Amino acid sequence: MNDSNFYIGLISGTSIDGVDCALVQFENEQPKLIATHFKAIDPSLRKDILRLCSNGEIDLELYGNTDVNIGRAFAAAVNELLVNESIEKSTVRAIGSHGQTVYHHPTGNSPFTLQIGDPNSITQLTGITTVADFRRRDMAAGGQGAPLAPLLHRNCFQSSSTDRVVLNVGGIANITVLNKDGTCCAFDTGPANVLMDYWIEKHQQKNYDKNGDWASSGTANQSLLKLLMDEEYFSKAIPKSTGRELFNGPWLETKLQKLGQEIKPADIQATLLRFTIDSIVDGIRKTAEPTEVYVCGGGAHNSAFMSGLQARLRNRNVASSSSLGIDPDWVEAIAFAWMAKQTMDGGSIDTTSFTGAKQAIILGGVYKA
Ligand SMILES: Nc1ncnc2c1ncn2[C@@H]1O[C@H](COP(=O)(O)OP(=O)(O)O)[C@@H](O)[C@H]1O
Ligand SMILES: [Mg+2]
């Protein structure tokens, strides 16, 4: 290995909980996680991001300021990690920055997806070459632009002896089907933490429902569950991807109004947990017959979610991705470090079975230090 053999992956997901920053080394394309740093998103920046995500009119100044501020927060995350670990920036070949998705619209005549967090600022403030804007090239090639983390899942988790599913439970949930015969597919199954986080924040001013304790204190309401599952997205064919523009607080409030029943807040949280599990299981059943299901993302820490999922997938082995050697909190950030390496090495990536892109392509724009 030469001197600059480290890569850094950066992402802030749909939950907008914070910036995941992972320092990674690769040997034969297999990642080794060297160090990590999580930088919480400043509440006022989070508010700006949420305003940009909402489907209303926005002003360009808010957009521009937020773009730069996210870029600065990402750069600060990198610089803090390098100081904490006493790592020289010259040893890092590239940063792969996913950015922050503020809008994802993969359908229609002019599909687009928008990840902000100015890469110029990241390069300038870290002194490290930054690769960013991974999703738009995929869309330009006819793909959904998402999900992309399955590229890493295929690289690290595919087995020739077992059919596996990798399930990422972030704000949105996505699955990667990895069959032992080498075939694979991936898609977003629907909402995950985004709705549960919204509901607990509204009623208890907490960021999330730790271990699903509040959900476990209630009882799922079957009529509401049916109404939530009755959403066009779930019956769409793959490839498909979604985000906050569809599944958000107002979406839930509209469904509640439509139902018109008095339901206790804890029972609604229980229903949202059940809804997350049911929509994931539905997505798995339509596309896979896995023996093993490996969970990553913040949802892997939600014990009520994990046991509820295992109960629904009775004969399958449900476990955290850590049992395959990768900490569930860092899979996505590692994926963007890996993607930066692919871009720097100049090789095209085959996303066709995941996003529906028409050909293998080189993803990401390079901002040289
Ligand atoms: N101990 C836990 N119990 C329940 N939920 C958790 C726990 N830890 C994390 N989470 C959930 O995971 C979310 C963050 O997951 P993450 O994978 O970072 O999502 P994203 O990729 O959308 O940022 C939090 O918003 C929270 O809802
Ligand atoms: Mg996150």
Side-chain angles (χ1 to χ4, degrees), residues 9-22 36-43 45-46 49-50 53 70 73-74 77 97-102 104 115 117 134-135 146-150 152-153 166-176 188-218 241-249 252 269-270 272-277 280 294-309 320-322 326-336:
L10 284 175
I11 182 167
S12 169
T14 22
S15 299
I16 323 179
D17 54 330
V19 187
D20 300 328
C21 180
T36 62
H37 182 53
F38 175 78
K39 185 173 175 62
I41 297 253
D42 179 74
L45 181 57
R46 184 169 199 270
I49 295 168
L50 285 169
C53 292
I70 296 171
F74 275 37
S97 174
H98 171 268
Q100 173 72 57
T101 297
V102 289
H104 182 70
Q115 285 73 43
F134 291 94
R135 298 191 188 275
L148 293 181
L152 183 87
H153 303 162
V166 182
L167 164 65
N168 176 43
V169 188
I172 297 290
N174 58 277
I175 63 168
T176 308
D188 291 345
T189 58
N193 296 308
V194 69
L195 297 177
M196 294 186 282
D197 287 356
Y198 165 78
W199 195 248
I200 198 164
E201 191 172 3
K202 179 174 170 180
H203 288 273
Q204 301 191 354
Q205 294 75 50
K206 290 179 184 160
N207 293 340
Y208 66 94
D209 185 7
K210 196 160 189 216
N211 304 328
D213 286 345
W214 192 37
S216 303
S217 75
S241 54
T242 189
R244 265 183 191 276
E245 7 351 270
L246 174 62
F247 295 109
N248 52 34
L252 174 63
Q269 188 74 349
L272 292 174
L273 177 65
R274 186 61 201 260
F275 171 49
T276 301
I277 293 169
I280 288 168
Y294 293 99
V295 186
C296 56
H301 301 294
N302 184 333
S303 42
F305 168 79
M306 290 296 280
S307 57
L309 184 69
S320 153
S321 64
S322 58
I326 304 192
D327 184 322
D329 289 331
W330 301 102
V331 175
E332 287 223 303
I334 293 170
F336 285 91

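First listed ligand is number 1; within each ligand, the first listed atom is number 1. Keep in mind the model is a prediction, meaning the values are calculated, not measured.
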Are the side chain of [X] and the backbone N or O of [Y] linked by a donor-acceptor pair below 3.5 Å?
X    : Y    : result
S321 : I326 : yes
D188 : G190 : no
S15  : G171 : yes
R244 : V102 : no

Protein heavy atom at shortest distance from [atom]:
atom                    : value
atom 13 (C) of ligand 1 : N193 ND2, 3.6 Å
atom 23 (O) of ligand 1 : D17 OD1, 3.0 Å
atom 3 (N) of ligand 1  : N211 N, 2.7 Å
atom 5 (N) of ligand 1  : Y208 CD1, 3.5 Å

Proximal ligand 1 atoms for G297, defined as those under 4.0 Å from one of its heavy atoms
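Taking each heavy atom of G297 in turn, ligand 1 has 17 (O) under 4.0 Å.
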
What are the atoms of ligand 1, with element, lying closer than 4.0 Å to any heavy atom of G171?
19 (O), 20 (P), 22 (O)

What pairs with H98 under ring-ring contact (aromatic ring centres under 6.0 Å, His included), at least two apart in sequence or on another chain?
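Here the qualifying residues are F336.
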
For ligand 1, does [X] get within less than 4.0 Å through its side chain, its backbone, both, or neither, judged by non-hydrogen atoms?
X    : result
D209 : backbone
D197 : side chain
E332 : side chain

Proximal protein heteroatoms (N, O or S) of the Mg ion (ligand 2), under 2.8 Å
D17 OD1

Could you check whether D209 and Q269, counting side-chain N and O atoms only, form a donor-acceptor pair closer than 3.5 Å?
yes

Would you tell me whether N168 and H153 have side-chain atoms, one donor and one acceptor, within less than 3.5 Å of each other?
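On atom types as modelled, these side chains do not qualify, holding no pair under 3.5 Å.
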
Write down the atom of [X], the atom of [Y], and the distance for their closest heavy-atom approach.
X    : Y    : value
A22  : W330 : CB-CE3, 4.2 Å
S303 : N211 : OG-CB, 3.4 Å
I41  : S12  : CD1-OG, 3.9 Å

N or O pair under 3.5 Å between T14 and ligand 1:
yes

Could you tell me whether S15 and ligand 1 have an N or O pair separated by under 3.5 Å?
yes

Test side-chain contact (heavy atoms from CB on, under 4.5 Å) on H104 and S241 and set out the steps.
CA-CA 8 Å; H104 182 70; S241 54; 2.8 Å; yes

Any idea which of G298, A304, S12 brings a heavy atom closest to atom 8 (N) of ligand 1?
G298

Does any part of the side chain of C296, heavy atoms only, come nearer than 4.5 Å to the side chain of L167, both counted from C-beta?
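Not in contact.
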
